[in-house]
2 protein chains.
Amino acid sequence: MAKETIAGLAKRLGISKASVSYALNGQPGVSELTRRRVLDLAEELEWYPSSSARALSRSRAGAVGMVLSADPLLIGTEPYYMAMLAGIETALAEGDMALMLRMVGKDPAQERATYERWAGERKVDGVLVFDHLHDDPRPALLERLGMPFVLHGAPESAAPAVFSGTTTDHAGEAATIVDHLHDRGHRRIAHVSGPHTFLHEEERIRGVAACAAGHGIEVVPFEADYALKAGHDAVVALLQAPGDRPTAMIFGNDLMSMGGLLALRELGLRCPGDVAIVSWDDSLHCQLASPAVTALSRNPGMQGRVAAELLLALLDAGTIQTRPIPVSELVVRASTAPAWDALGAVDAGQVPAGGISPLL
Amino acid sequence: MAKETIAGLAKRLGISKASVSYALNGQPGVSELTRRRVLDLAEELEWYPSSSARALSRSRAGAVGMVLSADPLLIGTEPYYMAMLAGIETALAEGDMALMLRMVGKDPAQERATYERWAGERKVDGVLVFDHLHDDPRPALLERLGMPFVLHGAPESAAPAVFSGTTTDHAGEAATIVDHLHDRGHRRIAHVSGPHTFLHEEERIRGVAACAAGHGIEVVPFEADYALKAGHDAVVALLQAPGDRPTAMIFGNDLMSMGGLLALRELGLRCPGDVAIVSWDDSLHCQLASPAVTALSRNPGMQGRVAAELLLALLDAGTIQTRPIPVSELVVRASTAPAWDALGAVDAGQVPAGGISPLL
DNA sequence: CTGAAAGCGCTTACAG
DNA sequence: CTGAAAGCGCTTACAG
């Protein structure tokens, strides 16, 4: 069977190609009767218009691109990405847009080359950009390429009105975490962040410092790189440093939190007895750890959905807008249990009463 | 600046569109000098041929599709998928093919509808199909749609020569696991598998049974659904059942293994002292657990790469072939430590000496 | 080796 | 409301 085309349908129905097209696209110019006949025939034949022909004549690819630029190892172990992808794809599908995914290592040149090529080939109609960097070159590049984009996770303060993006209240998140640690009696804490090149890490650091200052809490900052090992090494370094040691530590993601926990065990320290832990990102890892780790639940699926919806609005209506990501919620677990509660859980690996069921 | 086209380049160079096209595509029909001039100009202008125009005239989309059909929750927490995606995308990019990703829930109708639409719209040139089912309707559907595909993970026994696919030696994997447990002295084991609708689970069950029979080991089969809770509940059910209880358990994936571990803790049982555990899938969860869980390392990234390469070969040359996935390796950890080694690690949560460093 | 022309399968003014 | 025609930007026989 030869592939059906719009011309074939037209001939079968004894009408013109134009009428078929109008009928298919819900445009005026055809009678209701004709429209129904076209639609019925298309369904009967299981026929769909060719996407490339459509793309060519409409000058619209019908797809949105996304470059995941991170250490493949990190991407594979960070549940964050997959959950966000799911949110993005679901929202795009509802808007009848396909998702084109490209994974490159932590190589800015490749990400840049991908955008240039996509723009040149008009392969995608827009892109989703993540992990806003300090002095991020990507907005300017995309602007120059004429490629619509949405920047996810810009700080509220730095939200420029010239392009679409989501914003996160990093200071608010920081306050949630620091307030909690203050409540638990901590007066000296360490903050193991991700690389300072990420704008959101700068904002978090600022937020933690500000809130801690208000409480009279001392903060020891420590820059790391989101890897498990980095969390481990940070703890070792922090605890070997001269001076009072911190009684609590904030880690920039779940992987580093796990590394930190491992280090504490190695050093024979108890969590939360000797050092409490908070993760700036929740995941199954935090839930399964012993002790389970208190974490900021950022709902990556919903974040992806919001970003995707902004891009759809930009492409459909040219609407440039900024939308705040709903505030994250702190899920309190055993790793920051108050001393008296923690008695039964200080030994890493002991499960505090009631610490399991919420998972199942 | 108006968008450049091939006609524009031709005019600038004073040659015909055809020559530009030949030069661009490395085809004969142009002098080396002309070819160079074309390529140089394209690079200077940062110009790329329109993908939709190309797709239309070549009748080739330049993209490959993949539909991830699983519980979003599972997908988000199963590192397996992301790692495989990375392998797939990398291989496709090398073959100059884009990856179109669609995520639908565990809904066969949606997966089917996606294939029908992709085929009708000629949106992708081929698809990658995963999780071979018992009486899987997808091969026949794709065949009918004329959509090239590669089926990943068919059992070696059931590898039909009519379409491309990768095969896994499930029986071999089963033997690796069962042999190991036999070595450790286990004579009664439970096998908590995924749903029997998956062909690979049937094969695993058969393989475990066969190998166990050879060793005189008794196997208690138990069907579950890959979720954390399922692993937990399986353990509870298995240990409450009358008769001798198993001294070791095999879980179909890492999530169920974690659930199983939680259940053991709840029940006050020791691992591996009372019950040893093996996971039929490795991941960071297995590595971080206490005790760390012995697991079959299946290298999802490489599996994705192999499947993608088969699809590229099929699309480029029409080559239908079957390729075996290299055998998986068993990573032995504390959860199956021999009794004497395990003395220091029986208490879930205690870290066996040397159990941490390999991670970091 | 090069040029003029048809074709890929749609969409969209423009007349009727 | 309908039809004939041009156009989207490439590729590819077919003559020269």
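Please read all numbers here as calculations on a predicted model, not as lab measurements. Proteins come first, then strands; the chains are lettered A, B, ... in the order of their sequence lines, and each starts at number 1.
Residue R60(A) contributes atom CZ, which lies 19 Å from atom P of dC10(C) at whole-angstrom precision. The CD1-C1' distance, from I15(B) to dG3(C), rounds to 11 Å in whole Å. What separates CG of L24(B) from P of dT12(D) is a distance of 12 Å, to the nearest Å. Y22(A) has its OH atom 12 Å from the C1' atom of dC10(C), to the nearest Å. Protein atom CD of E4(A) is 9 Å distant from nucleotide atom P of dC10(C), rounded to whole Å. Spacing between atom NZ of K17(B) and atom P of dA13(D) amounts to 16 Å, rounded to whole angstrom units. For the pair Q27(A) CD and dT11(C) P, the computed distance is 8 Å after rounding to whole Å. For the pair Y48(B) OH and dC10(D) P, the computed distance is 14 Å after rounding to whole Å.
Taking only side-chain nitrogens and oxygens, W47(A) comes nearer than 4.0 Å to OP1 or OP2 of dC10(C). One finds no side-chain N or O of R54(A) lying less than 4.0 angstrom from the OP1 or OP2 phosphate oxygen of dG9(C). Side-chain nitrogen and oxygen atoms of S21(B) include at least one within less than 4.0 Å of the OP1 or OP2 phosphate oxygen of dT11(D). Between dT2(C) and T34(B), a contact under 4.0 Å exists linking OP1 or OP2 to a side-chain N or O. In this structure, R58(B) does not reach the dC10(D) phosphate: none of its side-chain N or O atoms is under 4.0 Å from OP1 or OP2.
Side-chain atoms of N25(B) never come within 3.5 Å of backbone atoms of Q27(B) as a donor-acceptor pair (strictly under, hydrogens ignored). Of the possible donor and acceptor atoms, none in the side chain of R305(B) sits under 3.5 Å from a partner among the backbone N and O of G87(B).
With the nearest nucleotide of DNA chain D identified for both S19(B) and L56(B), L56(B) has the one nearer the 5' end. Residue P28(B) is the one, among P28(B) and I6(A), whose nearest nucleotide of DNA chain C lies closer to the 5' end (criterion: closest heavy atom).
Summarising the local packing, NZ of K106(B) is surrounded by more than 12 heavy atoms from other residues, nucleotides or ligands at distances under 6.0 Å.
Nucleotide dA4(C): unpaired (no Watson-Crick or G-U wobble partner with both distances less than 3.5 Å). Pairing for dA13(D) is absent, judged as Watson-Crick or G-U wobble with the two contacts each under 3.5 Å.
The side chain of S16(B) approaches dG3(C) more closely than any other nucleotide in the set dG3(C), dC10(D), dG9(C). Checked against dT12(D), dG9(D), dT2(C), the side chain of A18(B) finds its nearest nucleotide in dT12(D). Relative to the side chain of T5(B), the nucleotides dC1(C), dG9(D), dC8(D) differ in distance, and dG9(D) lies closest.
With 3.5 Å as the limit, one finds no donor-acceptor pair spanning the side chains of H134(B) and T197(B).
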Between E46(A) and R144(B), does a salt bridge (charged side-chain N to carboxylate O under 4.0 Å, His left out) hold up when you go through it step by step? CA-CA 12 Å; E46(A) 267 188 342; R144(B) 179 171 73 74; 3.1 Å; yes

